[in-house]
Colleague: 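Before I ask anything, here is the structure I am working with.
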Amino acid sequence: MTTAPPGPPPATGVRATARIHAVADGRGGTALPLLAGEGPLALRRTRGREAETGVVLVGAMSAPLGGDHLTVRATAGPGARLALTSAAATLALPGRAGEPARYDVELDLEDGASVRWLPEQLVSVRGSDLRVRTRVRLAPTARLLLREEQVLGRHGELPGLLCSRLTVSRGGRPLLDQELACGPGAPGGWDGPAGLAGHRAVGQLLVVDPAFAQDPPPAAVLGECAVATPLAGPAVLVTALAGDALRLREVLDAACRAYHR
């Protein structure tokens, strides 16, 4: 009699995926043939601008906790215009077993599609451990506006460990691949002069627009702790540090008005 080897330990935490598929409706607007959320990822359709359709991500429960794995997966078909946002800030919270949480965002934009991904801030709560991965695939004629804002701890609180990676490809070629790690357990120097330099909020705004091929934005200093860097895309990346979430949003909103057409 043989004994089967023990299987992997059962997964802990919540596994949930939100799925969105946007298509041009043939009448100058955008339809949503697929809009499905699970667990803490509830989706609500909203009115967008002009031919754009809006979707709001509404947190139906506290998440992500340690051990959770949440995924937001959105596809925009040819000519579709989609605006994605969230109703409130996301709090990364510690779990009971000390496991890290994962939050994945996957965006796929086909020819002529336009997507705005503008979630509220992500707050790294003391004792939490969150791994964020955002992956974007763009057709050569697609347009993207993407904002990420990360706040290290609630008011008067030390942060948890936060590891975030953003990868973007355009026409099958890499456009951007960068990673940030901060908080207890991150590589040394993350809060030093070459890192966050004591700031509690860090964010970035990525604008990908085929029009930049003819009129690329120049590199620019946008303030004491914000810079705009043109990418070979055509795209521009704005990176900013701030003392708090409010000031960070002000800087990124100003950059959005300057670069997003």
Side-chain angles (χ1 to χ4, degrees), residues 16-38 41-60 70-87 90 103-120 132-149 166-177 204-217 231 233-238 252-253 255-261:
T17 301
R19 297 176 177 85
I20 305 157
H21 182 48
V23 297
D25 63 9
R27 303 186 302 274
T30 298
L32 295 173
L34 176 62
L35 187 65
E38 296 177 339
L41 301 176
L43 301 174
R44 300 291 183 267
R45 179 172 180 164
T46 62
R47 187 184 301 274
R49 306 184 309 188
E50 300 176 354
E52 187 180 67
T53 290
V55 175
V56 175
L57 183 64
V58 181
L70 308 182
T71 303
V72 177
R73 185 174 296 131
T75 302
R81 298 182 61 183
L82 180 63
L84 299 171
T85 187
S86 57
T90 297
Y103 198 133
D104 297 332
V105 177
E106 302 174 3
L107 306 176
D108 289 273
L109 284 66
E110 300 185 30
D111 283 316
S114 175
V115 170
R116 294 189 296 134
W117 170 239
L118 302 172
E120 293 299 312
V132 181
R133 175 68 184 265
T134 302
R135 179 197 54 76
V136 185
R137 287 196 293 250
L138 298 157
T141 56
R143 299 173 68 239
L144 173 71
L145 174 64
L146 180 148
R147 181 183 69 209
E148 290 186 339
E149 298 169 307
L166 170 62
T167 59
V168 183
S169 63
R170 178 176 180 269
R173 301 182 63 181
L175 173 64
L176 177 66
D177 190 343
Q204 56 191 0
L205 185 82
L206 175 64
V207 184
V208 183
D209 191 336
F212 289 160
Q214 302 300 323
D215 184 19
L231 305 178
V236 61
L237 176 68
V238 175
L252 295 183
D253 280 352
C256 183
R257 292 191 293 270
Y259 296 108
H260 183 58
R261 305 169 183 175

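All residue numbers refer to positions in the sequence shown, counting from 1.
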Colleague: Tell me, do Thr46 and Thr85 make a side-chain contact under 4.5 Å, heavy atoms counted?
Modeller: no

Colleague: How long is the gap from CG on Leu252 to CG on Leu205, to the nearest 0.5 Å?
Modeller: 6.0 Å

Colleague: In Å and rounded to the nearest 0.5 Å, what is the CG to OG1 distance from Asp111 to Thr141?
Modeller: 3.5 Å

Colleague: Could you check whether any side-chain heavy atom of Val168 comes within less than 4.5 Å of a side-chain heavy atom of Leu146, counting everything from C-beta outward?
Modeller: no

Colleague: Do the non-hydrogen side-chain atoms of Asp108 and Arg135 ever get within less than 4.5 Å of each other?
Modeller: yes

Colleague: Which pair of non-hydrogen atoms, one from Ala142 and one from Leu109, has the smallest distance, and what is that distance?
Modeller: CB-CB, 3.7 Å

Colleague: Can you give me the closest heavy-atom contact between Val115 and Ala76, atom names plus distance?
Modeller: CG2-CB, 3.7 Å

Colleague: For the backbone of Pro119 and the side chain of Ser86, can you confirm whether one donor and one acceptor N or O come within less than 3.5 Å of each other?
Modeller: no

Colleague: For the residue pair Arg170 and Leu144, establish whether any side-chain heavy-atom pair is separated by less than 4.5 Å.
Modeller: no

Colleague: Could you measure the distance from the OG1 atom of Thr53 to the CD1 atom of Ile20? Nearest 0.5 Å is fine.
Modeller: 11.5 Å

Colleague: Starting at CG of Leu35, measure out to CZ of Arg45 and round the result to the nearest 0.5 Å.
Modeller: 8.0 Å

Colleague: Check whether any side-chain heavy atom of Leu84 lies under 4.5 Å from a side-chain heavy atom of Leu107, and answer yes or no.
Modeller: yes

Colleague: Looking at side-chain heavy atoms only, is the closest gap between Tyr103 and Val72 below 4.5 Å?
Modeller: yes

Colleague: Is there side-chain contact between Arg147 and Asp253, with at least one heavy-atom pair below 4.5 Å?
Modeller: yes

Colleague: Mind checking the NE2-CZ spacing from His260 to Arg116? Nearest 0.5 Å is all I need.
Modeller: 6.0 Å

Colleague: Using a strict 4.0 Å threshold on nitrogen-to-oxygen distance, state whether Arg133 and Asp104 make a salt bridge.
Modeller: no

Colleague: Drop me the distance from Leu176's CG to Thr167's OG1, to the nearest 0.5 angstrom.
Modeller: 8.5 Å

Colleague: Looking at every heavy atom in both Val56 and Ala87, which two are closest together, and how far apart are they?
Modeller: CG1-N, 3.7 Å

Colleague: Is a side-chain donor or acceptor of Thr30 paired with a backbone partner of Leu82 at a separation under 3.5 angstrom?
Modeller: no

Colleague: Any idea which heavy atoms bring Ala36 and Leu43 closest together, and the distance?
Modeller: O-CD1, 3.5 Å

Colleague: Are Arg137 and Glu106 ion-paired here, with the side-chain N under 4.0 Å from a carboxylate O?
Modeller: no

Colleague: Give a yes or no answer on whether the side chain of Glu148 reaches the backbone of Gln204 with a donor-acceptor pair at less than 3.5 Å.
Modeller: no

Colleague: Could you tell me which non-hydrogen atom of Ala51 sits nearest to which non-hydrogen atom of Gly28, and how far apart they are?
Modeller: CB-O, 2.8 Å

Colleague: I want to check something: taking the side chain as every heavy atom from C-beta on, are Val136 and Trp117 in contact at a cut-off of under 4.5 Å?
Modeller: no

Colleague: Which heavy atom in Pro78 sits nearest to a heavy atom in Ala24, and how many Å separate them?
Modeller: O-CB, 3.7 Å

